[in-house]
Enquirer: 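Take this structure first; my questions come after.
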Amino acid sequence: MSTELDFHLDDLAPADADSEYAEQQFWSGDLTVLTEYHTTPHGSHSYVVAHDGSVTWGVPGEPQVAAIFTMETAYHATVPFAQNWLIEHGCPPEQIAEVGAGFSTPADNLTVRIEAQIRESGARYEVIESQTSDYDPCEAWTLTRDGEAVQAPIRLFLEEGDSNAHTYTLREGAFADEETALRWLDDRSAPLSQPPEHLCEAAALRTRAALARSAGSSEIPKTASGAHQSAAAVPVQRSVQGRLL
């Protein structure tokens, strides 16, 4: 995959003045392709996620990730929201999910899971506000309203980059209202509040683990009356080490 924007229009000409102007606007930008998909034949539709480096020199905090559907563009603070927009415009999800090599990668599995959650969410999240920072801290956040949330419907997706490791993390926070979420962004003296459904998932995992340990401890075979069993034949109950995510 090339990092340069190409709509595969070599054999085609703009149909009108508006199309010609739109095409010129793309070439005048500073776009680096992150992931793309072009339909056939002749690339009749193009779906592209690109980083617009020119935004860095514009208004501070403006989103820098461009979701491009043929000649229509929408800007987002993070890649999964751009991918979601393209999927909603008809792009096959599997064709736009992978970002090309050479860019920052997710730091952990939770980041991967939240990205997939956003990418595949359809119209679930209504974007309220977003902000991007290239400097300290290097981060981007998107404030949304979750149409499926029963509790704490305001969801904050915070992406933080590690330039040394060339990785990033993405976390989801839940708030009762927009004002509370914005106050947290200004203060950050407390941890980002987890969504209620995540807490329920963690509790369910702990319960299953406890049941598994309990079942394991009761499965030691009983010996028949008067029978002799060597020590090597008796299962030894060992403590389970590890952590639940």
Side-chain angles (χ1 to χ4, degrees), residues 31-32 34-35 47-56 58-69 72-89 91 93 96-97 99 103-149 151-163 167-188 190-198:
L31 298 173
T32 301
L34 304 177
T35 181
Y47 302 90
V48 180
V49 177
H51 176 259
D52 189 344
S54 65
V55 178
T56 302
V59 178
E62 288 295 294
Q64 301 178 7
V65 180
I68 305 169
F69 169 55
E72 183 180 354
T73 307
Y75 275 78
H76 303 268
T78 58
V79 170
F81 276 101
Q83 293 168 322
N84 170 266
W85 186 85
L86 291 174
I87 292 169
E88 286 297 284
H89 280 71
C91 183
I96 207 72
V99 172
F103 302 103
S104 293
T105 57
D108 53 28
N109 290 332
L110 181 55
T111 296
V112 174
R113 184 171 71 83
I114 295 176
E115 286 190 314
Q117 173 185 315
I118 296 170
R119 188 166 53 243
E120 300 163 7
S121 64
R124 173 178 176 177
Y125 298 110
E126 175 194 352
V127 175
I128 300 170
E129 187 177 345
S130 69
Q131 186 164 323
T132 301
S133 172
D134 288 324
Y135 306 102
D136 190 17
C138 180
E139 66 176 32
W141 55 260
T142 303
L143 190 64
T144 72
R145 183 179 300 277
D146 185 349
E148 297 182 6
Q151 303 178 51
I154 301 302
R155 299 301 168 90
L156 173 67
F157 294 95
L158 176 64
E159 181 181 289
E160 297 178 293
D162 184 336
S163 56
T167 61
Y168 62 92
T169 58
L170 181 62
R171 296 293 184 263
E172 177 184 1
F175 299 88
D177 51 60
E178 297 175 35
E179 291 74 15
T180 305
L182 292 172
R183 279 200 302 271
W184 183 89
L185 282 166
D186 288 337
D187 181 36
R188 307 202 190 189
L192 184 62
S193 56
Q194 295 187 51
E197 58 269 24
H198 289 191

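Everything numeric in this text was worked out from a predicted model, so none of it was measured. Only heavy atoms go into these numbers, but all of them, side chains included; no hydrogens, no water, no symmetry mates.
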Enquirer: Taking all non-hydrogen atoms of both residues into account, name the closest pair between Glu115 and Pro80 and its distance.
Expert: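 Minimum heavy-atom separation between Glu115 and Pro80: O-CB, 3.7 Å.
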Enquirer: Please round to the nearest 0.5 Å and tell me the distance separating atom CZ of Phe81 and atom OG1 of Thr142.
Expert: 5.0 Å
Enquirer: Nearest 0.5 Å please: distance from the CD atom of Glu178 over to the OG1 atom of Thr144.
Expert: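 Reported to 0.5 Å precision, the distance equals 10.0 Å.
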Enquirer: Checking side chain to side chain contact (heavy atoms under 4.5 Å, CB included) against Tyr168, which of Glu159, Glu139, Glu160 comes through?
Expert: Glu159
Enquirer: Output the distance between atom CG (Leu34) and atom NE2 (His51), rounded to the nearest 0.5 Å.
Expert: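 These two atoms lie 8.0 Å from each other.
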Enquirer: With a 4.5 Å heavy-atom cut-off, do Glu129 and Leu182 have their side chains touching?
Expert: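 Yes, at least one pair of side-chain atoms sits under 4.5 Å.
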Enquirer: Any non-hydrogen side-chain atom of Thr180 less than 4.5 Å from a side-chain atom of Ile154?
Expert: no
Enquirer: Tell me whether Thr132 contacts the main-chain N or O of Ala140 through its side chain, where contact means a donor paired with an acceptor under 3.5 Å.
Expert: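 Side chain of Thr132 to backbone of Ala140: no pair is present.
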Enquirer: Do you know the tightest heavy-atom contact between Val55 and Pro63?
Expert: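 That would be CG1-O, 3.6 Å.
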Enquirer: When you measure from the side chain of Gln83 to the backbone N and O of Ile96, does any donor-acceptor pair fall under 3.5 Å?
Expert: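 Between the backbone of Ile96 and the side chain of Gln83 there is a qualifying donor-acceptor contact (under 3.5 Å).
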Enquirer: What is the minimum heavy-atom distance between Trp141 and Leu158, and which atoms define it?
Expert: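 Heavy atoms only, the tightest pair is CB-CD1, 3.9 Å.
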Enquirer: Measure the shortest side-chain to side-chain distance between Val49 and Val65 over non-hydrogen atoms and say whether it is less than 4.5 angstrom.
Expert: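 In contact.
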Enquirer: State whether Asp177 and Arg183 are salt-bridged, where the test is any N-O pair (Lys NZ or Arg NE/NH1/NH2 against Asp/Glu carboxylate O) under 4.0 Å.
Expert: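 No, this pair does not count.
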Enquirer: Return yes if some donor-acceptor pair links the side-chain N/O of Ser193 with the main-chain N/O of Ala174 below 3.5 Å, else return no.
Expert: yes
Enquirer: Ignoring hydrogens, what is the shortest heavy-atom contact between Val99 and Thr35? Give both atom names and the distance.
Expert: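 Heavy atoms of Val99 and Thr35 come nearest at CA-CB, 4.3 Å.
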Enquirer: Considering all heavy atoms of both residues, which atom of Leu170 and which atom of Ile114 are nearest to each other, and what is their separation?
Expert: O-CD1, 3.3 Å
Enquirer: Test of understanding: with ring pair (Phe, Tyr, Trp, His ring centres under 6.0 Å), list the residues that count as partners of Tyr75, not counting sequence neighbours.
Expert: none
Enquirer: Has the side chain of Thr73 got a donor or acceptor atom that lies under 3.5 Å from a matching backbone atom of Ile68?
Expert: no
Enquirer: Provide the closest heavy-atom pair for Leu192 versus Glu172 in the form atom of the first, atom of the second, distance.
Expert: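 Looking at all heavy atoms of both residues, the closest pair is CD2-C, 3.9 Å.
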Enquirer: Do any N or O atoms from the side chain of Asn84 and from the backbone of Gly122 form a donor-acceptor pair under 3.5 angstrom?
Expert: yes
Enquirer: Please work out which of the three classes, parallel, tilted or perpendicular, describes the rings of His89 and Phe69, given edges at 30° and 60°.
Expert: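 If you compare the ring of Phe69 with that of His89, the planes turn out tilted.
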Enquirer: What verdict does the side chain to side chain contact (heavy atoms under 4.5 Å, CB included) test give for Thr32 and Phe103, after you've listed the backbone C-alpha separation in whole Å, the side-chain angles of each residue and the deciding distance to 0.1 Å?
Expert: CA-CA 11 Å; Thr32 301; Phe103 302 103; 3.9 Å; yes
